[in-house]
Amino acid sequence: MQTKGEVRTYSNYIGGKWVESTGGLVESRNPATGELVTKAAKSTRDDVAHAIDEARMAFDSGSWSSKRPQERAKALREMSELLRGGLEPLAVLLTLENGKPLADARGELLNAANVLEYYASAARHVAGRIPRYSSTDISLVVHEPVGVCALIVPWNSPISLLSWKLGPALAAGCSVVIKPAGYTSGVSMEFVKLISTVEGVPPGVLNAVTGPGDTVGSELVRSNKVDKVSFTGSTETGSRIMEMASANLKKVNLECGGKSADIVFDDANMEAALPSAVWSIFRSAGQSCNAGSRLLVQDTIYGQFMKKYGEAVSKIRIGNGMDPATEMGPIISGTQMERVLSFIESGKEEGAKLSHGGERLSEGEFKEGFYVQPTYFEGVDRSMRIFQEEIFGPVLCVLPFHDEDEAISIANDTRFGLAGDVWSRSLPRIMKVSQGIRTGTLWVNRHLNPGPEVPFGGYKQSGLGRETGMEGLAEFLQTKHISLQLTDSFERVRR
Ligand code: NAD
């Protein structure tokens, strides 16, 4: 476990070896205290090219892609077990770099272990089909790994989001180059260190390079030797990646931003709907792509619901993620905190009613950290920036609605389409709203997916493609058609 004051330094992992970079180092600081936590390589172009070449050689040699599925499954299962066994030191490092409460960090790592285990099983279920036209014509429709994949990951849930990519990529037989986010490079490389000890993964299949997105990330996206980019991050970066990848028609998967609606009808179970509406935004200080950042409450219960909501929000315990009592940690960085505060200012300027919070916490234990109070606005107009933009902080817009049609109309009034929650006991109402909202996921009387068996991804500007489930595996496979004619008659060939 990282001891207090210890600052670990991480090299790149390329071709089965830890390789120093000549590009210097990038620092990762604890957002709760400002203390230096880790340093990681500020990779150069040559480092990235080296990692891509190793991944390319490994893939083209077939050392992994042509292994039997059960051998790839075994390696993935071992990675999952190693993660479960080495959970605590990684969870501590995750909290130190990211700021999230330690219990949430443990939960994230268990989720990642579960995803790797799921893809160990899925590796053995890649199946093709054999359409048959006549006694002499057979088609084989087969699936092959897509090739060398760049896995570009954000900082908010760095290990579970990486597992969503790494699990299916390795299950499919691809070789990968991982590019973690700068803030969480240390925990990501520590995770790579752990799983790289698994036997049976040939050198070059698993590579990881750290450094800034606009140099290291874009180098990966531009390379002609990379077949696919699987990206999670902001819609703006996703759009840039799609543009760069278009030069050689590289396959892209984009998991981008969200502005999800949490819709509470008057017949909902309030005991469950209310805490969920609090935690779906304020958990991780709002730094979650699927945060319920727009709360829609039916007008018949609006007053009583919001009174209890305000009481619940006042009780949220804010603090350092290493304190077991903490329920909400800091914002990832000073820059991101300023961005969140500027959204709060814009909400006030545009005339929304600031009902709770709105301030930075900077006294006493909060002095060195980047803390913003849990904040919500009422009296919000749909044209306001706080309603339309992804703030990625602890800031919520609350709006009343009258009926199903109005709830659907408000929920859909955004360029995003990632997720959403509906709380009601009426099946016709649930079905009408679930089908009317244009998002990749709709949770009914719950928040978050029950497991990795189901797909996740966005409509509209929330992304392209799906992760998790068998859909997530399909994203790392190509489809090939082999057409067999079982006769050498020219007359038949001509037809
Ligand atoms: P970001 O877009 O700034 O960065 C994401 C990753 O892309 C980082 O590793 C970064 O270094 C890299 N990057 C940046 N510029 C790049 C470039 N030009 N070329 C290649 N790579 C580049 O996002 P972030 O601030 O790290 O994460 C927050 C965003 O991620 C939010 O918008 C959030 O909604 C989104 N997110 C989406 C999902 C999802 O599943 N849909 C999950 C988590 C987070």
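For ligands, and for the atoms within them, numbers begin at 1 and follow the listed sequence.
- Closest non-hydrogen pair, G319 versus F366, comes out as CA-CE2, 4.1 Å.
- In this structure, E236 has no heavy atom closer than 4.0 Å to ligand 1.
- Checked against the 6.0 Å centroid threshold, F456 and W164 count as a close aromatic pair.
- With L161, V229, L418, T468 as candidates, the residue nearest to atom 43 (C) of ligand 1 on a non-hydrogen basis is L161.
- Contact analysis puts F456 in contact with ligand 1, with a non-hydrogen atom separation below 4.0 angstrom.
- At least one N or O atom of E255 sits closer than 3.5 Å to an N or O atom of ligand 1.
- Checked against F231 for a side-chain contact (heavy atoms from CB on, under 4.5 Å), the options V221, L464, T237, N253 give a single hit: T237.
- Considering S188, A181, S234 only, the shortest heavy-atom separation from atom 23 (O) of ligand 1 involves S234.
- For ligand 1, the polar-atom distance check finds no N/O of G217 at less than 3.5 Å from any of the ligand's N/O atoms.
- Distances shorter than 4.0 angstrom do not occur between any heavy atom of G463 and any atom of ligand 1.
- Distances below 4.0 Å separate heavy atoms of P180 from the following atoms of ligand 1: 9 (O).
- Within the 4.0 angstrom cut-off, atom 9 (O) of ligand 1 has one or more protein heavy-atom neighbours.
- Here is the list of ligand 1 atoms found below 4.0 Å of a heavy atom in N156: 43 (C), 44 (C).
- Although no hydrogens or angles enter the test, the distance criterion places a donor-acceptor pair under 3.5 Å between the side chain of R339 and the main chain of I391.
- The aromatic rings of Y376 and Y309 sit perpendicular to each other, their planes meeting at more than 60°, with 30° as the lower class boundary.
- Looking at D47, its side chain never comes within 3.5 Å of a backbone N or O of S21 through a donor-acceptor pair.
- Atoms of ligand 1 lying under 4.0 Å from any heavy atom of M244, numbered from 1 in the order shown and given with element: 18 (N), 19 (N).
- Ring to ring, Y459 and F416 are not that close: their centroids are 6.0 angstrom or more apart.
- Polar contact check, T235 against ligand 1: no nitrogen or oxygen pair lies under 3.5 Å apart.
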